[in-house]
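Per chain, numbering begins at 1; letters A, B, ... match sequence-line order.
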Number of protein chains: 2
Amino acid sequence: MSHDLYKKRMEALLSYYHKNKRLPTYEELTRVFGVKSKSAAFQYIEKFIEDDIVRKSDEGFLIATPRLYGARVLGEVRAGLPHDAEEEGLLDCISLNDLLIHEPTHTFLLKVSGDSMRDAGIMSGDMVIVNRKKQAKIGAVVVAEIDHEWTLKYLMQKGKKMFLRAANKKYPDLFPKHELRVGGVVTGVVRQYI
Amino acid sequence: MSHDLYKKRMEALLSYYHKNKRLPTYEELTRVFGVKSKSAAFQYIEKFIEDDIVRKSDEGFLIATPRLYGARVLGEVRAGLPHDAEEEGLLDCISLNDLLIHEPTHTFLLKVSGDSMRDAGIMSGDMVIVNRKKQAKIGAVVVAEIDHEWTLKYLMQKGKKMFLRAANKKYPDLFPKHELRVGGVVTGVVRQYI
DNA sequence: AGTATAAACGAACGTTCGTTCGGTGTCAAA
DNA sequence: TTTGACACCGAACGAACGTTCGTTTATACT
């Protein structure tokens with residue numbers, strides 16, 4: 001088994017998966033791999049199964065593992081980037097969806113405008129991941145409605161009273177005149193550079 | 001068709017999809033939906049297809065759409081959260097993977113340590129999404145090797161010479177003594193609150 | 001009670017799936 | 001030249017798939 005061919009076919013499989021959001025059938029795999037028989041594809045997939053790039057579910061279906069659909073994670077910036085395909089074997093692979101969204105039904109993304117949370121690393125234009133069913137802890141970043149206005153702030157407590165605090169000294173603390181309602185807890189932040 | 005039932009079954013389908021990373025067969029759908037016949041499941045799926053929650057691929061396979069596996073996106077914080085399931089119809093649904101990782105083969109996640117980029121909203125503990133094949137533009141955040149040390153900085157230019165700049169005034173600009181090599185361009189940032 | 005409408009049932013269908021197996025070609029060591 | 005290993009081919013198999021269709025049940029309205 002040539003290593004180059006192995007990598008090429010794995011990338012072909014990944015590319016198919018990203019395009020179609022599913023693994024090909026063995027019949028389709030003949031085209032993906034560039035072989036003429038299903039059995040050749042079948043045998044090749046067995047190697048991928050050994051290497052945990054794909055997996056057989058309990059019901060016998062072929063499913064992708066994070067090794068295929070996830071992004072490779074490196075330890076730290078200081079360690080640099082691995083040279084090419086050398087030591088990729090020992091890298092973790094994760095899916096951002098799986099990592100950041102645990103309760104898809106209760107989770108929203110919210111676009112942030114304004115710089116009131118910039119010292120918390122939440123910039124204007126970022127998206128925050130909001131879980132609306134999670135219990136808000138004091139000190140957490142929350143999406144809250146204070147006196148009928150929605151905003152993104154730290155949830156704070158003074159005595160028994162809750163209030164909101166920006167992560168930017170130029171904004172004052174917000175004490176509710178009438179009502180403070182937490183709409184959701186920020187569980188993550190994502191930013192995209194174009 | 002009851003709306004409650006519809007939502008319940010959609011959540012059951014979503015839950016199955018998140019657990020198994022694939023859509024169930026019609027036979028399995030009978031269990032997911034709580035019906036006794038495949039045909040009942042089949043008819044129900046047709047409604048989901050109409051609503052673009054799932055889709056039939058050109059080859060006739062059932063595939064999930066971002067409406068199922070993605071997270072709902074709201075416009076802005078100021079607009080508040082939608083009340084429950086009211087106007088969810090008009091919300092976009094996106095997958096964080098699809099949004100942030102366009103070239104999975106060339107993309108890595110890198111854990112950040114240090115506060116040299118905090119004014120750019122990149123905090124210690126964040127993960128940056130790095131594309132190693134993308135052309136680095138001046139002013140972009142890059143992962144670079146400067147005199148054999150890896151770091152995360154802005155890529156800057158003075159005359160013909162490239163150098164690195166932190167997003168934190170207390171760090172000086174870094175001019176390479178010997179070598180400056182860009183290892184990848186930061187295309188995104190993700191942070192997770194626990 | 002009677003009727004209309006929608007939802008679910010259950011059996012049946014042709015198709016295509018994953019898998020197996022025996023055979024062919026190729027290269028290298030013996 | 002033989003032998004073995006390896007990758008692939010091609011035909012074949014039963015099993016499971018998606019889909020159809022006529023019937024039955026449940027719900028709502030008259």
Side-chain angles (χ1 to χ4, degrees), chain A residues 1-65 67-69 85 89, chain B residues 1-65 67-69 85 89:
Chain A
M1 153 182 43
S2 142
H3 189 188
D4 279 357
L5 188 59
Y6 184 88
K7 238 199 126 183
K8 212 185 94 199
R9 291 190 171 171
M10 177 173 158
E11 285 188 17
L13 185 61
L14 172 58
S15 153
Y16 187 101
Y17 185 79
H18 263 262
K19 191 184 219 165
N20 302 76
K21 304 257 173 268
R22 64 174 177 87
L23 290 177
T25 67
Y26 286 97
E27 201 269 326
E28 292 169 309
L29 268 176
T30 60
R31 269 160 266 148
V32 174
F33 285 167
V35 293
K36 285 191 174 175
S37 70
K38 282 201 290 176
S39 36
F42 180 81
Q43 289 166 54
Y44 223 94
I45 283 292
E46 284 190 322
K47 284 173 203 151
F48 285 157
I49 293 177
E50 276 178 33
D51 300 347
D52 202 38
I53 289 165
V54 296
R55 195 179 295 162
K56 282 258 180 66
S57 72
D58 297 340
E59 305 86 17
F61 290 95
L62 215 51
I63 51 175
T65 68
R67 255 210 165 68
L68 185 68
Y69 65 77
Chain B
M1 155 183 44
S2 143
H3 189 189
D4 279 357
L5 187 58
Y6 184 87
K7 240 199 125 183
K8 211 185 94 201
R9 291 192 171 170
M10 176 171 158
E11 286 187 16
L13 184 60
L14 172 59
S15 152
Y16 188 100
Y17 185 78
H18 263 262
K19 193 184 218 162
N20 302 76
K21 304 264 173 257
R22 64 173 178 88
L23 290 175
T25 67
Y26 286 98
E27 201 269 325
E28 292 169 309
L29 268 176
T30 61
R31 270 161 264 147
V32 175
F33 285 168
V35 293
K36 285 191 174 174
S37 69
K38 282 203 288 176
S39 37
F42 180 82
Q43 290 168 60
Y44 223 94
I45 283 291
E46 285 190 321
K47 285 176 203 150
F48 285 157
I49 293 177
E50 276 178 35
D51 300 347
D52 201 39
I53 288 164
V54 298
R55 195 179 295 165
K56 282 258 182 63
S57 73
D58 297 340
E59 305 87 18
F61 289 96
L62 217 51
I63 52 176
T65 68
R67 258 213 163 68
L68 184 69
Y69 64 78

The side chain of A:K47 is closest to which nucleotide in this list: D:dA7, C:dA8, D:dC9? D:dA7
Expressed in angstrom and rounded to an integer, what is the separation of A:L23 atom CG from C:dG18 atom P? 10 Å
Hey, does B:L13 have a side-chain heavy atom less than 4.5 Å from the side chain of B:L68? yes
Separation of atom CZ in A:R22 from atom C1' in D:dC17, rounded to whole Å: 14 Å
What is the distance, rounded to the nearest whole Å, between atom CD1 of A:I45 and atom C1' of D:dA7? 15 Å
Counting just side-chain N and O atoms, does A:R9 come under 4.0 Å of either OP1 or OP2 of D:dA7? no
Answer with base, sugar-phosphate or nothing: what part of the nucleic acid does A:F61 contact at a heavy-atom distance below 4.0 Å? sugar-phosphate
All N/O contacts under 3.5 Å from nucleotides 18-22 of chain D to the protein, with atom names and distances to one decimal?
from: D:dG18; atom 1: OP2; to: B:Y26; atom 2: N; distance (Å): 3.0
from: D:dG18; atom 1: N7; to: B:K38; atom 2: NZ; distance (Å): 3.0
from: D:dG18; atom 1: O6; to: B:K38; atom 2: NZ; distance (Å): 3.3
from: D:dT19; atom 1: OP1; to: B:K56; atom 2: NZ; distance (Å): 3.2
from: D:dT19; atom 1: OP2; to: B:Y26; atom 2: OH; distance (Å): 3.1
from: D:dT19; atom 1: OP2; to: B:K56; atom 2: NZ; distance (Å): 3.4

Would you mind reading off the distance between B:Y6 atom OH and C:dA6 atom P, rounded to a whole angstrom? 17 Å
Residues B:Y26, B:L62; criterion side chain to side chain contact (heavy atoms under 4.5 Å, CB included); working and verdict: CA-CA 10 Å; B:Y26 286 98; B:L62 217 51; 3.9 Å; yes
For the pair made of NZ in A:K36 and P in D:dA11, what is the distance, rounded to whole Å? 12 Å
Measure from the side-chain N and O atoms of B:T25 to the backbone N and O of B:E28, and report whether any donor-acceptor pair falls under 3.5 Å. yes
Which pair of heavy atoms, one from A:M10 and one from A:R67, lies closest together, and at what distance? CE-O, 4.2 Å
Atom CG of A:L5 and atom C1' of D:dA7 are separated, to the nearest Å, by 10 Å
Roughly, in whole Å, what's the span from CG in B:L29 to C1' in C:dA7? 16 Å
Do you know which two heavy atoms are closest between B:L29 and B:A41, and how far apart they sit? CB-CB, 3.7 Å
Taking the side chain from A:T65 and the backbone from A:R55, do they hold a donor-acceptor pair closer than 3.5 Å? no
How many whole angstroms separate atom OH of A:Y44 from atom P of D:dA7? 8 Å
Contact check, side chains of A:L5 and A:Y44, non-hydrogen atoms, under 4.5 Å: yes
